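This structure is a prediction, so every number in the text was calculated from the model and none was measured.
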Amino acid sequence: MSPALHEADADYVVIGTGAGGATAARVLSEAGLSLVLLEEGPDLQAKDRPRDALSAMRLSFRDMGTMATNSRTPFPVLQGRLVGGSTAINSGIIWRLPDDVREVWREQHGLSDLVEDRALDRIFETI
């Protein structure tokens with residue numbers, strides 16, 4: 001067993017610490033369950049991140065950022081391999097949906113229930 005690994009008891013194991021894993025962990029922990037979060041790569045603190053691009057990519061990007069979709073039109077796929085997952089490398093910032101966009105979605109696209117003000121505001125506050 002690797003020196004970094006040890007036995008632990010937990011109700012759940014969450015694989016990945018990006019947006020999906022972190023959300024699952026938050027919901028489970030708020031329900032009073034114990035967790036172990038596993039991540040493929042290191043926990044890079046800002047002060048420890050390399051300043052040169054190649055070293056930073058080697059530590060934080062899966063396959064150094066060279067992955068692409070396997071389709072007729074290949075598209076680059078940047079996947080993180082560090083604590084925080086892809087959100088740590090993709091500037092995962094969440095912005096509140098502007099009122100004018102909400103209105104267009106309601107009126108032109110019939111999405112009233114999905115963009116109800118109180119529900120969205122509550123979700124954004126949670127995030």
Side-chain angles (χ1 to χ4, degrees):
M1 187 176 284
S2 166
L5 299 176
H6 60 277
E7 287 188 34
D9 290 324
D11 296 314
Y12 288 91
V13 175
V14 177
I15 310 296
T17 59
T23 301
R26 178 179 178 164
V27 169
L28 292 168
S29 68
E30 286 177 350
L33 299 163
S34 62
L35 309 168
V36 171
L37 283 86
L38 296 179
E39 181 56 60
E40 175 182 359
D43 182 7
L44 288 177
Q45 301 301 311
K47 65 180 178 54
D48 299 325
R49 291 181 185 217
R51 300 294 181 230
D52 66 286
L54 289 178
S55 296
M57 290 177 75
R58 189 173 295 110
L59 282 174
S60 56
F61 286 71
R62 180 171 291 134
D63 296 331
M64 288 193 61
T66 60
M67 293 180 63
T69 59
N70 186 12
S71 63
R72 288 178 33 183
T73 307
F75 189 82
V77 178
L78 298 178
Q79 291 185 306
R81 58 169 300 279
L82 70 159
V83 171
S86 295
T87 58
I89 62 167
N90 288 328
S91 300
I93 298 170
I94 196 155
W95 298 94
R96 291 179 188 264
L97 188 62
D99 291 338
D100 61 325
V101 174
R102 286 186 195 192
E103 193 59 35
V104 167
W105 287 7
R106 283 186 194 115
E107 299 301 318
Q108 295 181 18
H109 302 292
L111 299 175
S112 297
D113 292 342
L114 293 176
V115 292
E116 192 273 320
D117 287 335
R118 284 179 293 173
L120 275 181
D121 290 341
R122 186 184 78 253
I123 290 165
F124 280 123
E125 286 303 317
T126 299
I127 292 170

**Student:** Quick one, D117 and R106 - any side-chain contact, counting heavy atoms below 4.5 Å?
**Tutor:**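 Yes - at least one pair of side-chain heavy atoms lies under 4.5 Å apart.
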**Student:** Can you check whether L44 reaches V83 side chain to side chain, under 4.5 Å on heavy atoms?
**Tutor:**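 Heavy-atom side-chain distance check fails, nothing below 4.5 Å.
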**Student:** Only one of T23, L28, L38 forms a side-chain contact (heavy atoms from CB on, under 4.5 Å) with V14, so which one is it?
**Tutor:** L28
**Student:** Could you report the tightest heavy-atom contact between A10 and V36, atom names first, then the distance?
**Tutor:**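 Shortest heavy-atom contact: CB-CG2, 3.6 Å.
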**Student:** Please check if any side-chain donor atom of T17 sits under 3.5 Å from a side-chain acceptor atom of E39, or the reverse.
**Tutor:**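 A pair is found: one side chain offers a donor N or O, the other an acceptor, under 3.5 Å apart.
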**Student:** Going by atom types only, do D52 and S55 share a side-chain donor-acceptor pair under 3.5 Å?
**Tutor:**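 Yes, S55 and D52 have a side-chain donor paired with an acceptor closer than 3.5 Å.
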**Student:** If we ignore hydrogens and angles and just use 3.5 Å, is the side chain of Q45 paired with the main-chain N or O of K47 as donor and acceptor?
**Tutor:**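 Not at all, since once roles are kept as given, no pair shorter than 3.5 Å links the two residues.
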**Student:** Answer whether the closest heavy-atom distance between the side chains of R81 and P42 falls below 4.5 Å.
**Tutor:** yes
**Student:** Quick check against the 3.5 Å criterion: does D11 have a side-chain atom that pairs as donor or acceptor with the backbone of L33?
**Tutor:** no
**Student:** Compute whether any side-chain donor of one residue and acceptor of the other, for S71 and T73, lie under 3.5 angstrom apart.
**Tutor:**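 Their side chains do not contain a donor-acceptor pair, so the 3.5 Å distance test is not met.
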**Student:** Checking salt bridge (charged side-chain N to carboxylate O under 4.0 Å, His left out) for the pair E125/R122: CA distance, chi angles, key distance, verdict?
**Tutor:** CA-CA 5 Å; E125 286 303 317; R122 186 184 78 253; over 6 Å; no
**Student:** Counting heavy atoms not belonging to N70, are there more than 12 under 6.0 Å from its CG?
**Tutor:**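 Not buried by this count: 12 neighbours or fewer within 6.0 Å.
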**Student:** Do T66 and D63 come close enough that some side-chain heavy atom pair is under 4.5 Å?
**Tutor:** yes
**Student:** If hydrophobic residues (ILVMFWY) are linked whenever their side-chain heavy atoms come closer than 4.5 Å, directly or via other members, who joins V27 in its cluster?
**Tutor:** none
**Student:** Is there side-chain contact between L82 and D43, with heavy atoms separated by less than 4.5 Å?
**Tutor:**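 A side-chain contact is absent here, since even the closest heavy-atom pair is not under 4.5 Å.
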